[in-house]
Structures are given as structure tokens and as C-alpha cells.
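Heads up: the structure comes next, in C-alpha cells.
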Amino acid sequence: MNRIPALSYVTTFAFALSAGTLPCVRASFAADLTDTQPAAKREKLPRHAPGAPATRDKAARAVKDAGGVEEITVRSTRRTQRSSTIPASIVALSGSTLQSTGVRDALTLAHDVPGLMAETTSGSANPRYRLRGIGTNDFSANMTTAVGVSEDDVFLDSGASQGVPIYDLDHVEVFRGPQGTLQGKNTTAGTVNYYTKRPTNHLDGYVRGTAGNYGRLGEEGAIGGPIVKDRLMARFAITNQDFSGQYHDSYRKEDANGYQYYDMRGEILAKPVDNLSILVKGHIGRNKTDVELDHVGLLAGGKDDQGYAQTSARNLQNNGRSDATTRRSGLSVNAQYAFAHGWTLTDIFGLEWNHFNVFSDDDASPAPIDYQENIGGVARVLSNEIRVASPQSKKYATSAVSITCAT
């Protein structure tokens, strides 16, 4: 049963640092992913001109100052393209937009994307996506999805691994409609693709805190920059969020509907030669969500056959816990080589692991009856994708070809 939660108050405070100047990046696959310059002006700039990045930055700032529409460069088409030039139904949102609208996970992302729904029976630990009404009713940890989800081009095959916490994100791309040609199986309804911020030669970072009622506390931060200028860069980000919950279980004398999760990731970007880029990323995290259960009484007065009736929408009386816990970790290597004449070869290796467990007091009452269930599972996914892309300017070959193997 859906209930209207009590009003909550949240205050966010942040500190950011920035130093240095971002140098010219010669390889197209390492170019900036957010570009706010109008298409008409950008096409006039030589792609590798020495002064082009600075000129683009000035034009982008001018567009933002004038209240222009932000243009995002997307990569889910297996090449870098402006979102406005893609002949598909797509919604692309930058990390700054997601932050300003309070998006923190898969469930709240659905608030910002038309046509996207995120359902759950276990909080944000195990979301079930629907696009244009197409999805699945399977709530198991290893469900087969109709909406494909990936993070930095690594496909998240298990449903329990798709509850991605959103922090230090460059942007997210949501494609509506079948995407099997480039994205593979389990994308009948579309795809949700997350892209984290990559290391650059520009030293920057931030620390952000959140505080609110009902025990709402959160910390988030990131720092990145060069280790060896132009050759070796790194970035580290972490988030930790707590929420006591807006409901109370008077039987166990505990708050209900809260959550506690943390997640951290580290990335190293190496460029041993000008045409080769190697990105190594590792992440680890845990999400524990307390799931409040409404009592359903089918007899007169809302009573069950034990004679119990829930008297308040926000006051529960469950004699057993109901919570979901997900632990996820992963390692990926993204290697790209740019050949002459614009051809690129990409190899993406990914290893994802997650453990999922749900404990549920299904009768949702203080009755001493055994209606409890415990559901769990472990998923380990090893994948490798090899991708060859032709120059986009060549009319005889404008598509990318990829081969993916997963076990």
C-alpha cells in the first residue's frame, strides 16, 4: 500500500576546490563529456586546434550566463555524440542537474525522467525499472530485466547490482525503446547508462554534507587530479548516507523505513602514449534499507484472523524485522586505442559481484505466528566487450560494432 510520507526537511552544504588549467586533450575518446556550447558555433571550431578548448570553454560559459540549454555529449551509441543529434528518444541529465534536484539513487532518478518508473519491494537496494510501461514483476536478486543498466559501459546484469548510488556523476543517459542493436540482450524497453566523472589533469574536488529531520545525515566528497601530468591521473569519491525513517514500529520501539548506505570508488587513467588510454576503476559499497510493511486486514474493521488491526498509518507493530541488504563491488578496465584516420579499438573488461538478502515479517503484525521469509542470492558476472568504431564523418561506415561475452 502506498502512503503519503510525512514532510521532511533537508539542508545541504558544500565546499569545492579547483586549481590549475585543463590542457588540450588530443584523443577524441578522452574529450570532455559535458559541453554547453551551441551546435552551430561549435562546428566552426577545428577539433584539434591548439586554442579550441579554451574557446569552447568561454563559449560554454557565455551560453550558461545567458540562460541557454545545456548540451550533453553522450556515449551509449558507442561513440561521442551530442544528445540533440541522436535520432532516438533519449533523456540525458548532467551530474549537476541530478544534484540540484535531489537525485541520489535509482528510485529518485525516476522523478526526473519522463516515462521511467522504478519499483521496489526492498527499498533502493533492488529497484525494478520500467520504461514506457515495459518491465518485469520479478523482484528476485537475479531477475532478467527488460531495461538494461550499465555503469561506465559495464553492463550490470543482476537486478541487485542495479541499485546504483548516484554521486560524483558526470551524467546519466536514458534511452527509451528497444536498444538490442548496440546494447545487447535484456534491453527490450530501453537502457539506463550511468557515467562517473573521470580523472583529468585539472585538480578539483568537493565536500558536501546533508542534514535534515528524521535523522537525515549524509557526507559526500571527491578529489581528483594529475599524478604525472598528461600521463597518469586519478580520482577518488565516497558517499555515506543515513536516514532513520518517517515511520515508527512501536512493538520493537524502532524507527522504520530508514536506510544506511555507503559507496566508494577509485579511478586511475593512464596515457602511456598519445593514442592509448587505459582507465582502471574499482568500487565497493553496501546498502541496507528498512522496509516498512503495511498491515492488510481483510475482516471487519480492518482486522486479520488474529484480531489485530493497524490503528495508524505511521505507527507500525511488527514483531519481526523487514529489511534488505545489498553488498556490491567491482573492477573494470577500459582500454581505447585511436588509429589513424579516426578508427578506434576499445576493450572493456568488467567483473561485478553482489550479495543480496531480504528478511521479511510478512504478516506485518505483533501476532506470534511464523510468516517470516528470508531470500538471498549471490551474483558474479564476468564480461568483456571488444568494440571497433569507424570515423563518424565517413559515410560508407558510420556505425560501431561490438562483441560482448559474459559469464
Side-chain angles (χ1 to χ4, degrees), residues 22-57 59-60 71-88 90 92 150 152-155 170-171 173 175 179 181-184 191 193 195-202 230-233 267 269-281 332-350 384-404:
L22 182 66
C24 178
V25 180
R26 291 196 288 175
S28 62
F29 48 76
D32 289 343
L33 296 181
T34 53
D35 193 338
T36 56
Q37 184 177 355
K41 292 185 179 181
R42 188 190 321 171
E43 295 298 336
K44 298 178 181 179
L45 297 175
R47 188 174 185 179
H48 302 297
T55 307
R56 284 196 292 264
D57 290 343
E71 181 72 55
I72 298 177
T73 303
V74 299
R75 288 182 288 171
S76 296
T77 57
R78 300 304 192 240
R79 59 173 84 251
T80 56
Q81 293 178 268
R82 296 193 307 274
S83 58
S84 61
T85 65
I86 297 176
I90 176 178
S150 70
D152 290 326
D153 289 330
V154 176
F155 190 78
D170 185 272
H171 71 285
E173 307 167 15
F175 281 79
Q179 303 296 321
T181 301
L182 290 178
Q183 301 291 341
T191 61
N193 309 295
Y195 290 95
T196 62
K197 287 188 177 179
R198 288 188 173 183
T200 67
N201 267 319
H202 182 76
D230 296 330
R231 295 303 179 191
L232 188 63
M233 294 145 277
E267 301 183 36
L269 177 62
K271 297 181 179 180
V273 294
D274 290 340
N275 292 341
L276 177 63
S277 172
I278 303 174
L279 178 69
V280 180
K281 186 188 82 171
S332 64
V333 180
N334 186 324
Q336 296 179 317
Y337 187 83
F339 294 94
H341 309 297
W343 287 82
T344 60
L345 174 65
T346 304
D347 185 88
I348 303 174
F349 167 84
N384 194 81
E385 177 179 348
I386 300 175
R387 182 188 309 164
V388 178
S390 65
Q392 192 170 358
S393 59
K394 299 295 184 181
K395 295 183 179 180
Y396 62 85
T398 59
S399 62
V401 177
S402 61
I403 302 175
T404 305

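When reading the values below, keep in mind they use all heavy atoms of this one structure, side chains included, and skip hydrogens, waters and symmetry mates.
- The minimum heavy-atom distance between Lys271 and Asp230, with the atom names listed, is CB-O, 3.8 Å.
- Put simply, CG on Asp347 and CZ on Phe349 are 9.5 Å apart, with the number rounded to the nearest 0.5 Å.
- Going from atom CD of Glu267 over to atom OG1 of Thr196 covers 3.5 Å, rounded to the nearest 0.5 Å.
- With rounding to the nearest 0.5 Å, the separation of OG1 in Thr191 from CZ in Phe175 is 6.0 Å.
- For Lys281, the side chain to side chain donor-acceptor pair (under 3.5 Å) criterion is met by Glu151, Asp152, not counting sequence neighbours.
- By the 4.5 Å heavy-atom criterion applied to side chains, Leu345 and Ile386 are counted as neighbours.
- Between atom CD of residue Gln336 and atom CD1 of residue Ile348 there is a gap of 7.0 Å, rounded to the nearest 0.5 Å.
- Partners of Ile278 under the side chain to side chain contact (heavy atoms under 4.5 Å, CB included) rule, at least two apart in sequence or in another chain, are Leu276, Val280, Val333, Ala335.
- Side-chain contact between Asn201 and Met233 is present, with heavy atoms from C-beta onward closer than 4.5 Å.
- Considering all non-hydrogen atoms of both residues, Arg198 and Asn334 come closest at NH2-ND2, 3.9 Å.
- Side-chain contact between Leu232 and Pro199: absent, with no pair of heavy atoms (C-beta onward) separated by less than 4.5 Å.
- Here the CZ atom belonging to Phe339 is positioned 8.5 Å from the OG1 atom belonging to Thr344, to the nearest 0.5 angstrom.
- Nearest approach of Val154 to Gly350, heavy atoms of both residues: CG1-CA, 4.2 Å.
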